[in-house]
Amino acid sequence: VSDVQQLVRRKDEIEAQIKACYELLEGQKGVGMHEPLVDAEGFPRADIDVYQVRTARHNIICLQNDHKALMKQVEEALHKLHAREKEKHAKDEAEAMAEAMRQSQSLPQAFAKVNAVSPGSPASVSGLQVDDEIVEFGSVNANNFQNLQNIATVVQHSEGRPLSVTVIRGGRRVHVGLTPKRWAGKGLLG
């Protein structure tokens, strides 16, 4: 970026010099780049400083060539800069995808999903939420889970004692302490 800024500063300097040379030509009775410097009889014009006009014209031509070359450098530098940014963006995106893949691979497989939590129930008090994916419920996990009766058995044997429940919530593993007990509603969990 600093290289591009330096090139742009140099370009601005050259443009200022070109402008100054054109102003000098305007100051010489409006003589531009192509008006004749001799009168009708072939003698140098007496109303202008011929040497100054020729020098200004020469400087304008040289500066315009320098400007053209410099603009080519600016263009190449900008292409490189944008290519680097695009490459960096692609690399960052690839790293993010790889990280997401690693995270999704490191999360254990869920065997059940919470579809309702009754307000005021032991499940609600423990922090269990709708759409939590259960990966461990006490001793039950994806490897030994057969049906919901497995969870019911664990709940009946753990009444009044805390159970360790692990869920996946929003792509992250969350541990919840759940104590099955009797409450105003139905069942021991709610």
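Values below: all heavy atoms of this structure, side chains included; hydrogens, waters and symmetry mates excluded.
- For the pair E75/L78, no side-chain contact is recorded, criterion being any heavy-atom separation below 4.5 Å from C-beta on.
- Contact annotation: the side chain of F137 approaches that of V155 to within less than 4.5 Å [non-hydrogen atoms, C-beta and beyond].
- Cluster annotation: I168 and V114 are assigned to distinct hydrophobic clusters (Ile/Leu/Val/Met/Phe/Trp/Tyr, side-chain heavy-atom contacts under 4.5 Å, transitive).
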- request: Give the intermediate values and the outcome of side-chain contact (heavy atoms from CB on, under 4.5 Å) for residues W183 and S118.
  value: CA-CA 11 Å; W183 64 292; S118 301; 3.6 Å; yes

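- With rounding to the nearest 0.5 Å, the separation of CG in L37 from CG in D39 is 11.0 Å.
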- request: May I have the step-by-step check of side-chain contact (heavy atoms from CB on, under 4.5 Å) for T179 and L163, ending in yes or no?
  value: CA-CA 6 Å; T179 305; L163 271 174; over 6 Å; no

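- Judged by distance alone, with hydrogens and angles left aside, the side-chain atoms of R173 form no donor-acceptor pair with the main-chain N or O of R169 at under 3.5 Å.
- Between the side chain of N65 and the backbone N or O of C62 there is no donor-acceptor pair closer than 3.5 Å.
- R182 has a carboxylate O that lies under 4.0 Å from a charged side-chain N of E159, or vice versa, which qualifies the two as a salt bridge.
- Atom CD1 of I60 sits about 11.5 Å away from atom CD of Q17, to the nearest 0.5 Å.
- In this structure a side-chain-to-backbone donor-acceptor pair under 3.5 Å is missing from R84 to H79.
- The CD atom of E13 sits 12.0 Å away from the CD1 atom of I18 when rounded to the nearest 0.5 Å.
- Ion pairing of E87 with K91 is absent here, as no side-chain N (NZ or NE/NH1/NH2) approaches a carboxylate O to less than 4.0 Å.
- The only option from D131, V135, D132 that meets the side-chain contact (heavy atoms from CB on, under 4.5 Å) definition with V167 turns out to be D132.
- Connection of Y51 to F43 is not established within any shared hydrophobic cluster, with ILVMFWY side chains joined at heavy-atom distances below 4.5 Å, either directly or through further cluster members.
- Put simply, CZ on R54 and CG on L25 are 12.5 Å apart, with the number rounded to the nearest 0.5 Å.
- Expressed to the nearest 0.5 Å, how far NZ of K29 lies from CD of E35 amounts to 14.0 Å.
- With values rounded to the nearest 0.5 angstrom, F111 atom CZ is found 8.5 Å from L148 atom CG.
- Side-chain contact between I48 and R45: present, with at least one pair of heavy atoms (C-beta onward) separated by less than 4.5 Å.
- Put simply, the side chain of S124 never gets that close to the backbone of S121: no donor and acceptor are under 3.5 Å apart.
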